Structure formats: structure tokens, C-alpha cells
Amino acid sequence: MRAYEIQTYHGGRWKINAVFDDQSLAMFEAKRMDDGNRYSGVRVVEETFEESTQKTTTRTIFRGGRAENQAYKQDNRPTPKRPNVVARGGGRDRVGKRGKKAKKKKSGFAGPLIILSVLVIAGLAGLFALQQLFLGG
Amino acid sequence: MENNPEGLDRAVVQKDMPEGMERRLVLRLLGYWRDIRGDDDGFPTFADVNPAMIPDLWPYCFVLETIGIEHDPIFRAVGDEIAKYFPGVIVGRRVSEIGKKSLFSVTVDYLDQVFDKRAPISHGGEFYQDDGTKVLYRSIILPMSDDGETISGLLCAANCRETKGE
């Protein structure tokens with residue numbers, strides 16, 4: 001047993017607008033509604049009820065309308081690729097040449113380890129300096 | 001080839017649909033129902049229905065009162081043409097009283113679905129009269145409301161074609 005639901009998109013959700021048991025009628029009416037621009041989204045969903053399994057399966061057989069196309073594109077838009085991060089630094093490392101970007105090498109633990117080491121060394125140097133200041137006075 | 005999401009089939013809608021499709025009774029009445037409903041999300045009222053605006057459709061229409069009696073509505077109005085498909089007077093009768101094998105009975109057979117879906121529903125099919133005549137029909141039931149929300153009545157329509165000897 002098959003039914004064809006014409007659904008319209010309104011207020012951020014799909015709502016049943018009419019139901020037909022004839023595909024050609026449903027498709028004709030859906031196309032007419034879509035052409036009329038009264039609805040931002042129109043689609044036809046085919047519902048099939050299997051007596052043997054008592055289960056209903058659905059599939060969309062027609063999509064139309066501005067909102068639906070936008071939503072369709074939104075759902076299926078490929079994930080935008082993030083641009084490569086340009087390494088910034090002093091002197092020669094600065095990007096002096098147009099169009100040429102330095103690729104940042106993925107280092108894993110090396111980067112944070114170096115930073116930590118620098119901080120530790122700086123901290124120790126600072127402590128040593130203070131010690132000299134107080135003892136040397 | 002389109003890369004459609006799983007489960008989506010894009011059907012090709014023919015520009016040239018079967019000839020006369022737009023003149024189908026059910027589609028014209030559905031269009032009228034949408035017009036009187038306007039942009040509202042709710043259901044139109046019977047007060048909005050003007051038979052003079054649909055002179056070619058009204059003779060095939062009938063009205064069911066359903067508020068409080070959804071299980072067994074009452075016929076409240078019947079168009080002249082469709083009335084011919086019932087012997088005697090049908091106005092004032094309940095759905096349970098009209099029996100089977102009539103244009104009215106096959107039309108009201110799916111009115112439960114209208115309450116369930118809360119939307120117009122159209123069915124078509126065939127049935128055999130007692131004399132063996134096969135009748136091909138197409139019908140539609142449209143929900144109506146006094147407050148725009150609660151279905152208080154149904155506007156129905158049906159037409160048919162008899163095929164003898166098939």
C-alpha cells in the first residue's frame with residue numbers, strides 16, 4: 001500500500017499538506033505548488049506499507065522550492081578545507097615572497113616541549129639572577 | 001550523475017503531465033480549499049465556502065459534520081450530482097447508515113486518515129455495484145474547522161465513471 005505525501009516547509013519544519021494514493025496526481029500538484037512560489041519548500045514523500053512485515057518505508061521522490069534547495073545544499077555542502085597555517089617568525093622566516101607560504105610542519109610533542117624547555121630555562125635563569133642579587137649585595 | 005544523499009531518489013517531473021490533469025475535480029477543489037485557507041496554517045471554515053464560486057464543483061461535493069461524532073459523522077449537505085448516487089435522502093443520515101458499494105461509502109472509507117494526518121486526502125479506485133457495473137472513482141476529503149484548529153467537519157467530493165461489461 002502506497003501513499004504520496006505532499007509536504008511543505010514552513011516555520012523551520014516540514015508539514016503534511018495533502019496525501020494522494022496516486023503518484024502522478026501528487027507529483028502534478030507538488031509541481032504546481034512549487035511553481036506557485038507560495039511555499040518556500042515542497043517535497044513529495046512516498047510511503048510504502050508492507051502488510052507482511054507491518055513496516056512503513058519512506059523515500060523522497062520530489063524536492064522543490066527555495067528553502068529546500070538551500071537546506072539540501074547545506075546538508076550536502078562539502079566540508080570547507082581549512083587553509084594551511086602560515087608560519088610567522090622574524091627575519092628570513094617572514095613571508096617576503098608573494099604567494100609563497102611556508103608550510104608548518106606537524107610536530108606533535110616537539111613544539112610544546114621546546115616552549116616548556118625555554119620557559120624552564122628562563123625561569124631558572126631568573127632565579128639564579130635573583131640569588132646573585134641578594135647574595136652579592 | 002547527481003550525488004544524492006542516501007535514500008533520496010530524484011524523480012523526473014514531466015513537464016507535460018497527462019492531459020487534463022489540471023481539470024481534475026479533486027485538484028480543483030483542493031486548490032479552492034487552499035485559496036480560502038490562505039496563508040494560514042489552520043483549516044478554513046464552512047463560512048468561507050461559497051458554492052457560487054465553485055459552480056462546477058459544488059454539485060459533486062458533500063459535507064460531513066464530525067465535531068463530537070468523529071466515529072460516525074452526519075451528512076449535512078449534498079450536491080445535486082453526487083446525490084444521484086444514493087437512493088433516497090442522505091442528508092441527516094449517519095455514515096454507518098449508508099451501507100457499502102456506493103460512491104459515498106468508498107469516499108468516507110478513509111476519513112479516519114484525515115483525522116490522523118490532519119490534511120486533505122485523496123483516494124481513487126473502483127467498486128462494483130449490485131448489478132455488476134464497475135465504477136471508477138476519485139474522491140477527496142478536506143478538513144474544515146470552526147476555530148482553525150479543531151476539525152469540526154469535512155468537505156468531501158467525488159466523481160466517477162461507470163464501465164459496464166468490464
Side-chain angles (χ1 to χ4, degrees), chain A residues 1-49 56-65 68-69 71-79, chain B residues 2-35 37-43 106-107 109-126 136-143 155:
Chain A
M1 188 164 55
R2 281 206 176 100
Y4 299 89
E5 290 185 0
I6 298 177
Q7 298 180 357
T8 50
Y9 191 76
H10 181 69
R13 63 188 184 97
W14 289 97
K15 191 179 173 185
I16 299 174
N17 186 280
V19 183
F20 292 86
D21 61 349
D22 182 276
Q23 183 178 349
S24 60
L25 273 175
M27 294 293 277
F28 178 86
E29 183 63 11
K31 188 70 168 60
R32 187 170 71 165
M33 292 166 66
D34 191 41
D35 288 343
N37 289 321
R38 175 185 260 180
Y39 306 97
S40 59
V42 179
R43 69 184 183 185
V44 176
V45 176
E46 178 190 77
E47 277 196 350
T48 304
F49 178 71
T56 301
T57 56
T58 62
R59 68 182 184 125
T60 302
I61 62 173
F62 172 79
R63 286 181 189 265
E68 174 58 12
N69 285 338
Y72 177 80
K73 288 177 183 173
Q74 185 74 20
D75 290 342
N76 294 282
R77 189 178 57 188
T79 306
Chain B
E2 274 188 282
N3 184 22
N4 291 332
E6 187 178 345
L8 169 64
D9 295 317
R10 186 174 291 274
V12 175
V13 178
Q14 300 171 9
K15 285 188 176 179
D16 298 323
M17 293 299 291
E19 194 175 325
M21 182 72 82
E22 70 284 355
R23 297 199 299 270
R24 295 290 285 266
L25 171 80
V26 297
L27 294 183
R28 287 185 290 148
L29 189 63
L30 178 58
Y32 177 71
W33 181 87
R34 290 207 179 98
D35 286 342
R37 185 179 70 162
D39 293 328
D40 197 358
D41 249 357
F43 305 122
V106 294
T107 298
D109 204 28
Y110 58 95
L111 58 84
D112 285 348
Q113 296 178 36
V114 178
F115 286 103
D116 182 41
K117 299 277 187 179
R118 293 179 58 79
I121 296 183
S122 174
H123 273 205
E126 62 186 40
L136 306 173
Y137 71 93
R138 170 57 58 177
S139 63
I140 190 167
I141 301 178
L142 304 143
L155 174 62

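Keep in mind the model is a prediction, meaning the values are calculated, not measured. Lettering follows sequence order; numbering is per chain, from 1.
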Requested in this report: For the residue pair Leu30(B) and Glu29(A), establish whether any side-chain heavy-atom pair is separated by less than 4.5 Å.
Outcome: yes
Query raised in the report: How about Arg2(A): does its CZ atom have over 12 heavy atoms from other parts shown lying under 6.0 Å from it?
Result: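 Result for CZ/Arg2(A): open.
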Query raised in the report: Given that the side chain runs from C-beta out, which part of Glu5(A) has a heavy atom under 4.5 Å from chain B: side chain, backbone, both or neither?
Result: side chain
Query - Minimum-distance pair of heavy atoms, taken over all atoms of Ala119(B) and Ile16(A) - result: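 That closest heavy-atom pairing would be CB-CG2, 3.7 Å.
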Requested in this report: Determine the minimum heavy-atom distance between Ala18(A) and Arg34(B), stating which atoms define it.
Outcome: CB-NH2, 3.9 Å
Requested in this report: To the nearest 0.5 angstrom, please state how far the CG atom of Leu25(A) sits from the NE2 atom of His123(B).
Outcome: 11.5 Å
Requested in this report: Heavy atoms only, distances under 4.5 angstrom: which of Thr57(A), Val19(A), Thr8(A) has the most pairs with chain B? Name it, please.
Outcome: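 Option with the greatest count: Val19(A).
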